[in-house]
Amino acid sequence: MRLDAIAVELRPRTAWEATDLGVAMVRRWFGPVYRAWFVLALPLFLLLHLLCWGNWWLIPWLLWWLKPLLDRPPLYVLGHALFGESPDRRQCRRELPGLLRRQALAALTLRRFDPARSFSLPVTQLEGLSGQVRRQRLRDLGRPGRGAAIWLTVVCAHLEIALDFALIALAWMLIPEFVALEFFDLLDDSGAWGQLWLNVVGFCGMSLVEPFYVAAGFALYLDRRTGLEAWDLELGFRRLAARLARTGRAAAAMLLALGLGGLAVAPVEGFAAETSSPAEERAIINLSVCEQRRAREAQLAGSNSPVKRTLAETLREPELQACEILERWRFRDDDPPKEPPRPRSPNHDLARWFAVVIEYALWFALGVFGAVAAWWLWRWTPRARESRQRRAAVAKIPLLLGRNEFTEPPGAGLGADAWRLWAAGQPREALGVLYRGSLAGLATRHGLPVSASATEDECLRLVAVGLADPGLLGFFRRLTHAWQATAYAHRPPDEVIARTLCEEWPRHFAAAGAPSA
Amino acid sequence: MSNLAPLDTIRHVETPEGITLSLRVAGPVARALAWGVDSLIKYGVLWGLLMVLMLLGGAGLGLWLVALFLTEWFYPVLFEVYADGATPGKKVFGLQVVHANGTSVDWPAALIRNLLRAVDFLPAFHGFGVVAMLVSRDFQRLGDLAAGTMVIHRQPPAPSPALPPGLALPPPWPLTPTEQQWLIGFAERGPTLNPERQAELAELLAGLTGGLRGIVAVERLRAYARWLLGEQP
């Protein structure tokens, strides 16, 4: 049994969760499990009809009685699939005689009424136990699993009957109305045909439930063994041991390099390394790991400091003797040509790390410098200067954009501001400023009720009706059209027109006592 | 087969805070038993009610039919909404109805999943419901699928016993949280394992115990577990 190949998650479960796992198992290995079920069940079903020709009523009972044998092929498949191999139909057929023969008589007589049948089947079939040993084993596996297995049997028996009725009802629903059949005609077992029909239904119901029943019982058994033998811990410990073996060496090297203290063997080596002379060091490095260890112990024992001598004594205690020397033969040619090892300082790794870090930092600094230089150069190209100036010009204008209420009178310099925007290549913004400035002027200077929701045409009408000023009206109309064409059709007016608009604007809207014609 | 994730009945739900919840989905056996308990309670109460209301004659029977209707349709809804997603039967078996994202079930979901019991009952005796539960990934019957709910095991497996007092030692290597749980699990479940098995398990971790054997290795692992549980060395 290879636990690391097991295909289910091992963890402590409640008994009910274990039965759920059984359902999930059938779901995953649906094909193999059902093939194994039908390999035995279907031929047996047909064979019984041949043997009991005429006595049709006998067949469901015989089939029910033989259930303990029918359970065995699915369990055989589940037991193998659990460890990563699922036997095919041929294998099942080959194994079948052996599976059926084992303790068949007991299973069909004494143990036929064992209410926890699904739970004890794995002990019989997979562990191959019998007699006293089997009884003892079942006792060891214990109550919780067995109790749940009994409830499992109860539930599955009811499910099977319920599904039988469901199948009959389904058939009845699908029968067209002109076939004069009542529901209870489908339950009628007085004739041969009725009896055969019920046999088929019973077989279907049994086939639906029984593999799930076997798997749920098997899962209960697995759960008990996982609990009693701590399979999950074994699996975990194996993984942990493998990880330690993988990373142990690397970790030791790192601890040595960083000089971290407080842990068992590595820090002691690091400590010793600081105090020994380079020549001694070189001599020690040439040795194998175990010999190194011994040499260091000897060094410690020979030192003057009582602390180090105590350390050496501690290291010699059996708990800390983790070293083992294995010797084996190998070809001399396999040995790489020996170079004299360079003397390595114990801080070698640390120093290399520093070097790498500093190297990257320098490259990074160079990159930053290059980027800054490029940006600086670009900043002073004519185009960049121009666009910067344009942006500065725009930024200075107190824009009225986005304002919905006109409570303040517009400044007198608005026309000039708008012209600057135009010159900076922003006609839409320029006309926008002009237009909104006009609205603000209308609202504050001329006292017109300009509402935030008014459309351009409404504003025009307001000016035409509210102010008897043809000059202002004409200007405002031209401005409105220019603004609409720019804003909605992206067709800015000629520069001449824009210029006149900007220049004329203060005359109509700016000065306090605006000239009225 | 081996490239599939290990088979389990846990659904992982990630909350917006980035925390992963592990919901242990409940399957047909526990739910069928819970259904049985609920049926016993429902029909027991209804039977008692019938005995009393029979005294009122025809009007009593009418009242009883109203009670039958209300119980049949709203008994599970009310319990699921107002009693932590569990009818009395579900409570007995430690089950709980939750949304598929792990939040507790609300009115619409409880109504949908219980009104659709009628569909799950088809063609007779919950035929469709049972088959849907066996086939769907989270053991959902049709009502669950429609309402976006599932039934989970609420109660955790038996709580772990406290460790007997003793030596506490830091493990010689840094361990991941899962590995720490294995060590703690080993120490806590010690009493349920026989000594030979404990020693066998402990000797697997020669890398941690420094190659100790037998009971000494077991004690060493226990000491690590005590340290991991916060006891001072």
Side-chain angles (χ1 to χ4, degrees), chain A residues 5-14 16-17 19-21 23-28 81 84-86 148 151-152 155 158-159 161-163 165-170 172-173 208 212 216 227-230 232-234 236-238 240-241 243-245 248 251 263-265 319-322 324, chain B residues 1-2 4-10 24-30 32-33 36 93-94 122-128 130-131 133-135 137 139 153 155-158 170 172-175 178-179 181-182 185-186 189 192-193 197-198 200-202 204-212 216 220:
Chain A
I6 200 163
V8 302
E9 182 73 40
L10 293 175
R11 63 182 171 87
R13 288 184 167 84
T14 61
W16 304 126
E17 277 192 276
T19 60
D20 299 344
L21 180 69
V23 175
M25 276 157 73
V26 177
R27 215 182 281 152
R28 175 168 287 188
E85 38 178 313
S86 48
W151 281 114
L152 174 68
V155 168
H158 283 85
L159 275 187
I161 295 170
L163 283 175
F165 277 101
L167 281 172
I168 294 170
L170 185 64
W172 181 68
M173 283 174 180
L208 258 174
F212 285 96
L228 286 176
E229 296 168 31
D232 50 337
L233 293 180
E234 178 176 342
F237 279 14
R238 281 186 193 283
L240 174 55
R243 184 180 75 86
L244 288 181
L263 301 178
V265 179
E319 282 100 316
L320 293 173
Q321 292 299 333
E324 215 177 325
Chain B
M1 287 275 157
S2 57
L4 293 175
L7 195 57
D8 206 346
T9 51
I10 281 186
R24 299 172 302 141
V25 194
V29 180
L33 289 169
F93 288 93
L122 290 175
F125 299 117
H126 290 102
F128 287 167
V130 169
V131 173
M133 225 188 272
L134 291 178
V135 171
R137 196 189 65 158
F139 304 116
H153 292 285
Q155 64 187 182
W173 299 112
L175 299 175
T178 324
E179 291 163 353
Q181 275 171 4
W182 289 331
F186 174 77
R189 281 159 61 183
T192 65
L193 307 173
R197 178 64 180 160
Q198 287 186 52
E200 194 182 2
L201 286 174
L204 287 174
L205 287 184
L208 272 190
T209 58
L212 294 181
V216 195
R220 175 59 62 91

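Protein chains get the first letters and strands the later ones, always in sequence-line order, with residue 1 at the start of each. Excluded from the calculations below are hydrogen atoms, water molecules and symmetry mates; all remaining heavy atoms, backbone and side chain alike, are included. Everything quoted here is computed from the prediction, not taken from an experiment.
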Take Ile10(B) and Glu9(A) through the side chain to side chain contact (heavy atoms under 4.5 Å, CB included) test and state the conclusion after the steps. CA-CA 10 Å; Ile10(B) 281 186; Glu9(A) 182 73 40; over 6 Å; no
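Among the candidates Gly94(B), Ala124(B), Gly127(B), the residue making the largest number of heavy-atom pairs closer than 4.5 Å to chain A is Ala124(B). When each of Leu208(B), Leu175(B), Leu204(B), Leu205(B) is scored by its heavy-atom pairs under 4.5 Å with chain A, the top score falls to Leu205(B). For the options Phe186(B), Phe128(B), Trp182(B), heavy-atom pairs under 4.5 Å to chain A are most numerous at Trp182(B). Of all the listed residues (Val23(A), Thr19(A), Ile161(A)), the one sharing the greatest number of non-hydrogen pairs under 4.5 Å with chain B is Val23(A). Counting heavy-atom pairs closer than 4.5 Å to chain A, the top-ranked of the candidates Leu134(B), Thr192(B), Val216(B) is Leu134(B). With chain A as the partner, the residue from Arg137(B), His126(B), Arg220(B) showing the most heavy-atom pairs under 4.5 Å is Arg137(B).
Heavy-atom minimum distance, Met133(B) versus Arg27(A): O-NH2, 3.6 Å. In plain terms, the two heavy atoms of Ala166(A) and Pro123(B) that are nearest each other are O-CG, 3.1 Å.
Both the backbone and the side chain of Leu21(A) come within less than 4.5 Å of a heavy atom of chain B. At a 4.5 Å heavy-atom cutoff, the contact between Val8(A) and chain B is made by backbone and side-chain atoms alike. For Val29(B), the parts sitting under 4.5 Å from any heavy atom of chain A are the backbone and the side chain alike. Interface residue Phe212(A): only side-chain heavy atoms are found under 4.5 Å from chain B. For Leu170(A), the parts lying under 4.5 angstrom from a heavy atom of chain B are both the backbone and the side chain. In this structure, chain A has a heavy atom under 4.5 Å from the backbone of Val25(B), while its side chain stays farther away. In this structure, chain A has a heavy atom under 4.5 Å from the side chain of Leu212(B), while its backbone stays farther away.
Note that CG of Leu33(B) and NE2 of His158(A) are 10.0 Å apart. Values are rounded to the nearest 0.5 Å. In this structure, NE2 in His153(B) is found 10.0 Å from CZ in Arg13(A), a value given to the nearest 0.5 Å. Note that CG of Asp20(A) is 4.5 Å distant from CZ of Phe139(B), once rounded to the nearest 0.5 Å. Separation of atoms CG (Asp232(A)) and CZ (Arg189(B)) is listed at 4.0 Å; rounding is to 0.5 Å.
Taking the six-membered ring for Trp and thresholds of 30 and 60 degrees, Phe93(B) and Trp16(A) have ring planes more than 60 degrees apart, a perpendicular arrangement.
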